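Owing to the predicted nature of the structure, the values given are computational and were not obtained by experimental measurement. Numbers here simply count residues along the sequence, with the first being 1. Counting starts at 1 for both ligands and their atoms, following the listed order. Values below: every heavy atom of this structure, side chains too, minus hydrogens, waters and symmetry copies.
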Amino acid sequence: MPVRRAALTCCIPSLRTRTSAQAGPGMTRSERGLIERSAMTEVLVLNGPNLNMLGDREPEIYGSLTLADVADTCRTTAAELGWELDFRQSNHEGELVEWVQEAGRAQRDGRLIGAVINAGAYTHTSIALHDAVAGSGLRVVELHISNVHAREPFRHHSYLSSVAAAVLIGFGVAGYPMALRGLQALIAPANEGNLS
Ligand code: DHK
């Protein structure tokens, strides 16, 4: 699925015109922290197998919106938060693993806030994705459209939850923008020291 990007704007209107180079001694620690964070401007949304079929696939469970509709919503939310959006989908486990590894490097370099990941069925099977998240240190919000705990028992276990910073389940596709806002809450100064 092609990568989609959102326009870059700063989420903190009063800081919109400042850059980290302009962070000066007169600023509070929290202001400086906000500026540093606002320089980390990309966010990744990763979708696993069969999510390219959203809209057609079991609409009574996954809804009638397509993945392109979800990408549009995420782009709007990311722009509101001041982030550039990188929205991807793959049916291939190895490709998802590589994207997680790349994202971990981007996060370490300060270019990425973190990722929202709906790994689809790989959630329940993929030790490789678990290891990629653990090894890369990527800040992840695990997302599921449906309430997996109210479904078949094989959907009750997730290999991602233990390495995710947070988990959001069962809000339909409305969960995607909620998860992006959740990522912002995770990096907020009030949560400093609680980041995974
Ligand atoms: C999506 C899938 O494709 C399933 O394999 C998971 C998840 C649930 C979701 O609810 O988004 O079990």
May I ask you to identify the nearest protein heavy atom to [atom], giving residue, atom name and distance to one decimal place in Å?
{"atom": "atom 4 (C) of ligand 1", "answer": "R155 NH1, 3.3 Å"}
{"atom": "atom 8 (C) of ligand 1", "answer": "V148 CG1, 3.6 Å"}
{"atom": "atom 10 (O) of ligand 1", "answer": "S146 OG, 2.6 Å"}
{"atom": "atom 9 (C) of ligand 1", "answer": "I145 N, 3.3 Å"}
{"atom": "atom 7 (C) of ligand 1", "answer": "H144 ND1, 3.9 Å"}
{"atom": "atom 6 (C) of ligand 1", "answer": "H124 NE2, 3.4 Å"}

- Message: Would Y62 count as a contact residue for ligand 1, given that I'm defining contact as a non-hydrogen atom of the residue lying under 4.0 Å from a ligand atom?
- Response: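 Y62 counts as a contact of ligand 1 under the 4.0 Å cut-off.
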- Hey, is N118 one of the residues with a heavy atom under 4.0 angstrom from ligand 1?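 N118: in contact with ligand 1 (<4.0 Å).
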Give a yes or no answer on whether the side chain of [X] reaches the backbone of [Y] with a donor-acceptor pair at less than 3.5 Å.
{"X": "R139", "Y": "I113", "value": "yes"}
{"X": "E84", "Y": "V43", "value": "no"}
{"X": "N118", "Y": "N47", "value": "no"}

- With R75, the side chain to side chain donor-acceptor pair (under 3.5 Å) member among D72, T73, T77: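 The passing option is D72.
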- Item | Charged N-O contact under 4.0 Å between R181 and E80 |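 Judged by the 4.0 Å cut-off on N to carboxylate O distance, R181 and E80 do form a salt bridge.
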- Message: With a 4.0 Å cut-off on N to O distance, would you call R105 and E102 a salt bridge?
- Response: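 Salt bridge between R105 and E102, a charged N being under 4.0 Å from a carboxylate O: no.
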- Message: Does ligand 1 come near enough to A121 that some N or O of the ligand is less than 3.5 Å from an N or O of the residue?
- Response: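 It does: an N or O of A121 is found under 3.5 Å from an N or O of ligand 1.
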- Between H124 and F154, what is the ring plane arrangement, given parallel below 30°, perpendicular above 60°, and tilted in between?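 Taking F154 first and then H124, their aromatic rings stand perpendicular (interplane angle over 60°).
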- Proximity winner for atom 3 (O) of ligand 1, if only heavy atoms of R151, E152, R57 are counted: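 Result: the heavy atom closest to atom 3 (O) of ligand 1 is in R57.
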